[in-house]
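We count residues from 1, following the sequence as given.
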Amino acid sequence: AMLRLRLLTWDVKDTLLQLRRPVGESYAAEARAHGVRVRPETLTRSFREAYGAQNRRFPNYGRGRGLSSQQWWVEVVKQTFRLSGVQGDGVLTLMAEKLYHDFCSAGNWEVLPGARETLSRCCQRGFRMGVISNFDNRLGKILSRCSLRHHFEFVLTSEEAGFAKPDKRIFQKALRLSGVPPELAAHVGDDYTRDYSAARAVGMHGFLLQAPGQGAETEVPSEHVLPTLSHLLTLIEK
């Protein structure tokens, strides 16, 4: 192998797992169960607005601002419904708590094509593996329920680390956890700024998962671009 790598770290959302359906559809189904009718498209739009505002006001799930990630999310969900014209704090709280727990289940997530096989093959080749994700502390449970958790030595979320990608400190914390120097580590993710360039800024290697035709970043050499996850071992072993 050309690249001498000991550690592979992974982003999760849209790299290994994706939502089975748009957020608005899940929220609309929950609303229907409470006799409330709202259009999924309206909810998806409101969700983007509510999430964006909450994230600007309380970055990284309110970590360091006295909020738990559950409180943070419950407020996002309630605000999503309010912006969509749904009133009534009692029903809003019920729906928000229920959705917070539902998104922890495997039912709302699907494993991306090639992910299981690629993770298994990387483990077989003897790579040590971990997760670096801008996610709240439900992530370990979600990975377990999707039968992926066993591949990883550690699951480092931004909530736990106190820093979100592209902050160097979350990558440095992962390297400390594993005891592997950055030049022997590579990070795999789908976001140019948060995954690829952030990992390279701490001296790690980077691989960018990018379907053909997605706004190709000129700065990314082709040998760092993964059209699918299945290409990873081929590139490492070139």
Side-chain angles (χ1 to χ4, degrees), residues 10-112 115-116 130-152 154-162 164-165 170:
W10 297 80
D11 169 55
V12 175
K13 189 173 181 291
D14 300 325
T15 297
L16 297 173
L17 296 179
Q18 66 184 2
L19 287 173
R20 276 186 200 274
R21 52 187 183 167
V23 168
E25 286 183 23
S26 303
Y27 284 27
E30 182 57 30
R32 271 198 307 280
H34 288 84
V36 178
R37 299 201 77 78
V38 207
R39 292 180 60 223
E41 308 78 45
T42 306
L43 286 162
T44 294
R45 218 169 31 246
S46 298
F47 172 79
R48 283 203 198 101
E49 190 181 326
Y51 179 91
Q54 180 79 325
N55 207 31
R56 285 188 297 275
R57 194 172 163 214
F58 300 110
N60 196 16
Y61 311 106
R63 168 82 200 266
R65 299 289 297 278
L67 288 180
S68 69
S69 52
Q70 181 163 354
Q71 289 169 318
W72 190 96
W73 273 112
V74 162
E75 189 46 45
V76 169
V77 179
K78 287 164 74 168
Q79 186 59 9
T80 298
F81 281 113
R82 285 188 207 111
L83 290 169
S84 305
V86 182
Q87 298 304 317
D89 209 55
V91 74
L92 290 181
T93 302
L94 274 177
M95 294 193 294
E97 302 268 349
K98 175 81 163 50
L99 284 162
Y100 175 82
H101 293 292
D102 277 358
F103 274 86
C104 219
S105 70
N108 272 309
W109 298 94
E110 60 191 2
V111 180
L112 278 157
R116 279 187 207 289
V131 160
I132 305 175
S133 172
N134 287 357
F135 215 99
D136 62 73
N137 54 21
R138 288 174 294 179
L139 186 58
K141 201 176 280 185
I142 292 168
L143 287 167
S144 295
R145 289 174 176 174
C146 295
S147 309
L148 297 180
R149 175 66 186 86
H150 63 283
H151 292 299
F152 304 110
F154 61 86
V155 173
L156 184 59
T157 63
S158 58
E159 183 183 9
E160 187 193 336
K165 299 180 299 189
I170 190 169

Of the non-hydrogen atoms in Asp11 and Lys165, which two are nearest, and what is the gap between them?
OD1-NZ, 3.0 Å

With side chain to side chain contact (heavy atoms under 4.5 Å, CB included) as the criterion, how do Phe47 and Val76 come out once you've worked through the C-alpha distance, each side chain's angles and the decisive distance to 0.1 Å?
CA-CA 7 Å; Phe47 172 79; Val76 169; 3.9 Å; yes

Where Ala164 and Ile170 come nearest, the two heavy atoms and their spacing:
C-CG2, 4.3 Å

Closest non-hydrogen atoms of Cys104 and Lys141, given as atom of the first, atom of the second and distance, are SG-CD, 3.6 Å

Are Glu75 and Leu67 packed together at the side-chain level, in the sense that at least one heavy-atom pair is separated by less than 4.5 angstrom?
no

Closest approach of Leu19 to Phe103 (non-hydrogen atoms, all atoms of both residues):
CD2-CE2, 3.6 Å

Value rounded to 0.5 Å, distance of CG in Leu139 from OG in Ser69
11.0 Å

Rounded to the nearest 0.5 Å, what separates atom NE2 in His150 from atom CG in Leu143?
11.0 Å

Checking Glu25 side chain against Pro22 main chain: does a donor-acceptor pair fall under 3.5 Å?
no

Check residues 85-95 and write down every donor-acceptor pair under 3.5 Å in which the side-chain atom is one partner and the other belongs to a residue at least two apart or another chain.
{"residue": "Thr93", "atom": "OG1", "partner": "Lys78", "partner atom": "NZ", "Å": "3.2"}
{"residue": "Thr93", "atom": "OG1", "partner": "Asp89", "partner atom": "O", "Å": "2.9"}

Between atom CD of Gln79 and atom OG of Ser84, what is the distance when rounded to the nearest 0.5 Å?
9.5 Å

Hey, does Phe81 have a side-chain heavy atom less than 4.5 Å from the side chain of Leu43?
yes

As an exercise, state the distance from NE2 of His151 to CZ of Arg116, rounded to the nearest 0.5 Å.
7.5 Å

Go through the steps to decide whether Ser26 and Arg21 satisfy the test side-chain hydrogen bond (donor to acceptor under 3.5 Å, both in side chains), and finish with yes or no.
CA-CA 7 Å; Ser26 303; Arg21 52 187 183 167; 3.2 Å; yes

Any donor-acceptor pair under 3.5 Å linking the side chain of Trp10 with the backbone of Leu16?
no

Evaluate the side-chain proximity of Gln70 to Arg138: yes if any heavy-atom separation is below 4.5 Å, no if none is.
no

Side chain to side chain donor-acceptor pair (under 3.5 Å) contacts in which one or both residues fall within residues 48-66, not counting sequence neighbours
Asn60-Ser158

Taken to the nearest 0.5 Å, the spacing of Lys13 NZ from Gln18 CD works out to 9.0 Å

Could you tell me whether the side chain of Val111 reaches within less than 4.5 Å of the side chain of Leu17, counting heavy atoms only?
yes

Heavy-atom distance under 4.5 Å between the side chains of Glu160 and Phe154, does that happen here?
no

Evaluate the side-chain proximity of Val77 to Tyr27: yes if any heavy-atom separation is below 4.5 Å, no if none is.
yes

